[in-house]
Amino acid sequence: MAAAKNHYWEDVYALVRLIPRGRVSTYGAIADYLRLGSPRIVGWALNNCGHNPEDIPAHRVVNRLGELSGRVHFGTPTRMAELLLAEGVIVEDDKIKNFEKYMWHPLEELKEDADFE
DNA sequence: GTGATGACGCAGT
DNA sequence: GACTGCGCCATCA
């Protein structure tokens with residue numbers, strides 16, 4: 001990440017794109033990695049992303065409970081679940097099954113590549 | 001410039 | 001164990 005800091009949400013998008021297929025992350029993890037200070041900022045950033053799942057896999061970002069809290073922003077209530085299911089993530093009742101197993105921690109995975117600080 | 005809102009998270013009850 | 005309220009920071013009205 002170049003950490004261009006043009007807009008903090010650019011870093012959010014970059015980090016979301018780094019989420020491997022079949023994995024998911026949380027707003028809190030992203031906010032913590034980017035030092036945003038509040039997970040709400042991540043939510044706002046994704047809301048401002050233009051809703052482009054093909055460009056930004058926002059469907060891989062869920063709240064800390066693994067709930068598809070942002071599904072309503074995907075056009076259809078089931079779009080987000082469909083995208084996750086297509087990647088092999090089991091979604092049950094709008095919640096990710098075995099969420100901890102699919103959880104992707106940026107601080108754990110990118111700690112050595114972290115050039116923020 | 002102030003108040004309200006939001007794809008959240010945590011502590012307290 | 002579930003529900004409620006408050007805090008966090010940035011944007012919009």
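Throughout, protein chains are lettered first and strands after them, A, B, ... in sequence-line order, and every chain is numbered starting at 1.
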Chemist: Quickly work out the A:L34 CG to B:dA7 P distance and round it to whole Å.
Modeler: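 Those two atoms, CG and P, are 19 Å apart.
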Chemist: Indicate yes or no for a side-chain donor-acceptor contact from A:T26 to the backbone of A:A29 under 3.5 Å, with no hydrogens or angles considered.
Modeler: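 Side chain of A:T26 to backbone of A:A29, a donor-acceptor pair under 3.5 Å: yes, one is there.
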Chemist: Taking the side chain as everything from C-beta on, heavy atoms only, tell me whether A:V16 gets closer than 4.5 Å to A:I30.
Modeler: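 A side-chain contact exists here, since the closest heavy-atom pair is under 4.5 Å.
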Chemist: Quick one: do A:Y27 and A:L107 end up in the same hydrophobic cluster if we chain Ile, Leu, Val, Met, Phe, Trp and Tyr together by side-chain heavy atoms under 4.5 Å apart?
Modeler: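 They do share one cluster, since a chain of ILVMFWY contacts under 4.5 Å joins A:Y27 to A:L107.
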Chemist: At 4.0 Å (heavy atoms only), tell me whether A:L68 reaches a base, stays on the sugar-phosphate, or touches nothing.
Modeler: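 Nothing, no heavy atom under 4.0 Å.
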Chemist: Within the side chain of A:R17, is there an N or O that forms a donor-acceptor pair under 3.5 Å with the backbone of A:V12?
Modeler: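 Judged by distance alone, no pair lies under 3.5 Å.
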Chemist: Taking all non-hydrogen atoms of both residues, which atom of A:W104 and which atom of A:S25 are closest, and how far apart?
Modeler: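 A:W104 and A:S25 have their closest heavy atoms at O-OG, 3.2 Å.
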Chemist: First and last nucleotide of DNA chain C touching chain A, 5' to 3', heavy-atom cut-off 4.0 Å?
Modeler: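 Listing 5' to 3', DNA chain C meets chain A from C:dG7 to C:dT11.
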Chemist: Got a list of protein N/O to nucleotides 9-13 of chain B N/O distances below 3.5 Å?
Modeler:
| unit_1 | atom_1 | unit_2 | atom_2 | d |
| --- | --- | --- | --- | --- |
| B:dG9 | OP1 | A:G28 | N | 3.2 |
| B:dG9 | OP1 | A:R64 | N | 3.3 |
| B:dG9 | OP2 | A:R64 | N | 2.8 |
| B:dC10 | OP2 | A:R64 | NE | 3.1 |

Chemist: Where do A:E87 and A:R21 come nearest, in terms of heavy atoms and distance?
Modeler: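 Result for this residue pair: CA-NH2, 3.7 Å.
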Chemist: Check whether A:V91 and A:V72 end up in the same hydrophobic cluster, where Ile, Leu, Val, Met, Phe, Trp and Tyr are linked by side-chain heavy atoms less than 4.5 Å apart.
Modeler: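 Unlinked, A:V91 and A:V72 end up in two clusters.
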Chemist: How close do A:H59 and A:L84 get, counting heavy atoms only, and between which atoms?
Modeler: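 In this case the closest contact between A:H59 and A:L84 is O-CD2, 3.3 Å.
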